[in-house]
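To keep things clear, I will list the structure first and then write my remarks on it.
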Amino acid sequence: MSRATNLLLTTCLLCAAMATAQTRRSENILSLDEDSVRPAASIEDMAWLAGSWEGEAFGGRFEEVWSEPSGGTMMGMFKLLQDGEPAFYELQLIVEEEGSL
């Protein structure tokens, strides 16, 4: 399995696991339930994600870029191309807050 495929699967699994303890605040914003225990983590735990990734998924070719950790945050950009045309864009942010992410 390629590094890009591993990244995609890991991201999907993390998102799915976290979604069970979240409340929808609006159409595009989720919050961790107040009674949920947040696991201890720092932004440095995500340093492995920094770099450029590309591969095949979601019926097309994807490109994803993550910044190095700095200031307690990491920024990411995702683009999906289908039939050579942009089909989806996503801007992502990982933030260290209160000893967790």
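Only this structure's heavy atoms are used, side chains among them; waters, hydrogens and symmetry mates stay out.
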Would you mind reporting whether P86 and L80 have side-chain heavy atoms less than 4.5 Å apart? no
Check: E44 main-chain N/O paired with E96 side-chain donor or acceptor under 3.5 Å: no
Kindly indicate whether the side chain of Q92, heavy atoms from C-beta on, has any atom under 4.5 Å from the side chain of M77. no
For the side chain of R61 and the backbone of G84, is there at least one donor-acceptor N/O pair under 3.5 Å apart? no
For residues V65 and W53: do they belong to one hydrophobic cluster (side chain heavy atoms under 4.5 Å, members Ile, Leu, Val, Met, Phe, Trp, Tyr)? no
Evaluate the ring planes of F62 and F78, with Trp represented by its six-membered ring, and classify them as parallel (under 30°), tilted (30 to 60°) or perpendicular (over 60°). parallel
Verdict with supporting geometry, L93 and M74, side-chain contact (heavy atoms from CB on, under 4.5 Å): CA-CA 6 Å; L93 182 64; M74 289 178 70; over 6 Å; no
Is any side-chain heavy atom of M75 less than 4.5 Å from a side-chain heavy atom of L91? no
Where is the tightest heavy-atom contact between Q82 and G59, given as atom of each residue plus distance? CG-O, 3.6 Å
Tightest non-hydrogen contact, residues A50 and S67, listed as CB-O, 3.6 Å
Hey, any chance L101 and W48 share a hydrophobic cluster, counting ILVMFWY side chains that come within less than 4.5 Å of each other, even indirectly? yes
Close side-chain approach of L49 and I94, heavy atoms under 4.5 Å: yes
